[in-house]
Amino acid sequence: MPRRRALIAGNWKMHKTAAEAAVLTTEIRALLPAEPEVDVLLLPPYPCLQTVHGALQGDRRVQLGAQDCHWEDSGAFTGEVSAGMLAAWCQHVLVGHSERRQLFHESDGTVRAKLEAVLRSGMEPILAVGETEAERRSGATRDVLVRQARAGLVGLPREQVLLCTVAYEPVWAIGTGAAAEPGDIAEAALILRGVIEEAASGDAAEVRILYGGSVTPESAPALLSADGVAGALVGGASLSAPQFCGITAAASP
Ligand code: 13P
């Protein structure tokens, strides 16, 4: 199986009303080339999914995903959204973003349960992992990445591992303007590749590893040239069509 082409995903986080989301989607569609050489994915907030789906008008250049989901298929979980509810609009669901882990106290076990819910609903999970500043300073980066990636992936059937994407997002690089160094990203990608192969019981070149953390059109060429990286998970810059499409252009071979 050949390595899959790069994926550029825009995580809009808690930004954009439905009306604003429609505008941004239309702007992105206008700026993308007719045949992009990368996969493009938008991750709007839940209430914007239907609107963005409509604004895409079946545009095959852009995929749609969600930023999170609940781990159960249904039940008394006020305020939550199940993976099955998202499947009408989404091909992908992000799980384990550091903001979920830190601000909403999600454990590795919770993240794993969510990832399995995504797979049960026929979608492809994007598993986010990454060390905090304190963990980096104490030399724990490798241990954190291995623990988070193993908890997410090991024990899944190989064919399910192959449906996953892993996003390396060092927490200290998110929203700070201080992206990781390409050498450090390559080192993290190598560690993650080891866990992916462990989980898949062999080569799994089709599982992409993304980098996320202060990616801009200016920083993208260096960041995306890091060994083992096949795309980006973009936060702030994904809220601007020119910036987001600039990153997709930078990621094109
Ligand atoms: P920034 O690109 O704003 O640093 O955010 C990265 C991120 O958290 C994407 O999920």
Side-chain angles (χ1 to χ4, degrees), residues 6-16 20-21 24 28 38-46 48-49 52 62-69 86 90-104 106 111 114-115 118 123-133 135-136 141 144-145 148-149 152 164-182 184-185 188-189 192 208-224 226 229-251:
L7 170 66
I8 303 298
N11 176 9
W12 295 2
K13 307 193 179 184
M14 197 173 74
H15 296 285
K16 303 294 176 187
E20 292 164 347
L24 179 56
I28 289 170
V38 296
D39 292 338
V40 178
L41 170 64
L42 303 181
L43 304 170
Y46 296 136
C48 301
L49 284 169
V52 173
V62 184
Q63 300 176 48
L64 192 51
Q67 300 169 17
D68 189 30
C69 68
L86 298 170
C90 299
Q91 292 95 50
H92 301 264
V93 181
L94 177 63
V95 296
H97 191 281
S98 64
E99 287 148 20
R100 300 298 318 171
R101 293 180 190 263
Q102 294 207 307
L103 303 175
F104 302 96
E106 291 191 7
V111 174
K114 291 183 170 195
L115 184 143
V118 174
M123 297 176 289
E124 301 189 5
I126 300 173
L127 171 67
V129 299
E131 81 285 2
T132 64
E133 173 68 45
E135 289 164 340
R136 177 167 85 125
T141 298
V144 170
L145 296 185
Q148 292 181 345
C164 295
T165 297
V166 178
Y168 171 54
E169 294 210 315
V171 179
W172 47 270
I174 294 176
T176 61
E181 294 295 328
D184 292 335
I185 299 171
L192 294 171
R208 287 180 286 211
I209 298 173
L210 312 181
Y211 168 75
S214 297
V215 179
T216 62
E218 295 73 35
S219 66
L223 297 173
L224 296 175
V229 167
L233 183 52
V234 185
S238 73
L239 299 171
S240 147
Q243 289 203 34
F244 183 64
C245 294
I247 294 168
T248 65

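One-based numbering, in listed order, for ligands and for the atoms of each. Residue indices begin at 1 and follow the sequence shown.
Annotation: side chain of Y211 is not in contact with side chain of L233 (no heavy-atom distance under 4.5 Å).
Judged by distance alone, the side chains of E131 and W172 do bring a donor and an acceptor atom under 3.5 Å apart. Side-chain N/O atoms of Q63 and H92 include a donor and acceptor closer than 3.5 Å.
With rounding to the nearest 0.5 angstrom, the CG atom of L43 is 8.0 Å from the CG atom of L64.
Closest non-hydrogen pair, L210 versus A230, comes out as CD2-O, 3.4 Å.
Listed by chain and residue number, R5, R208 satisfy the side chain to side chain donor-acceptor pair (under 3.5 Å) test with D39 (two or more places apart in sequence, or in another chain).
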Please tabulate, line by line, the atom pairs linking an N/O of ligand 1 to a protein N/O at a distance below 3.5 Å, with the distance in Å to 0.1, or answer 'none'.
from     : atom 1 : to   : atom 2 : distance (Å)
ligand 1 : 2 (O)  : G235 : N      : 2.9
ligand 1 : 3 (O)  : G236 : N      : 2.8
ligand 1 : 4 (O)  : G175 : N      : 2.6
ligand 1 : 4 (O)  : S214 : N      : 2.7
ligand 1 : 5 (O)  : K13  : NZ     : 3.4
ligand 1 : 8 (O)  : K13  : NZ     : 2.8
ligand 1 : 8 (O)  : H97  : NE2    : 2.8
ligand 1 : 8 (O)  : E169 : OE1    : 3.4
ligand 1 : 10 (O) : N11  : ND2    : 3.0
ligand 1 : 10 (O) : H97  : NE2    : 3.0
ligand 1 : 10 (O) : E169 : OE1    : 3.2
ligand 1 : 10 (O) : E169 : OE2    : 3.0

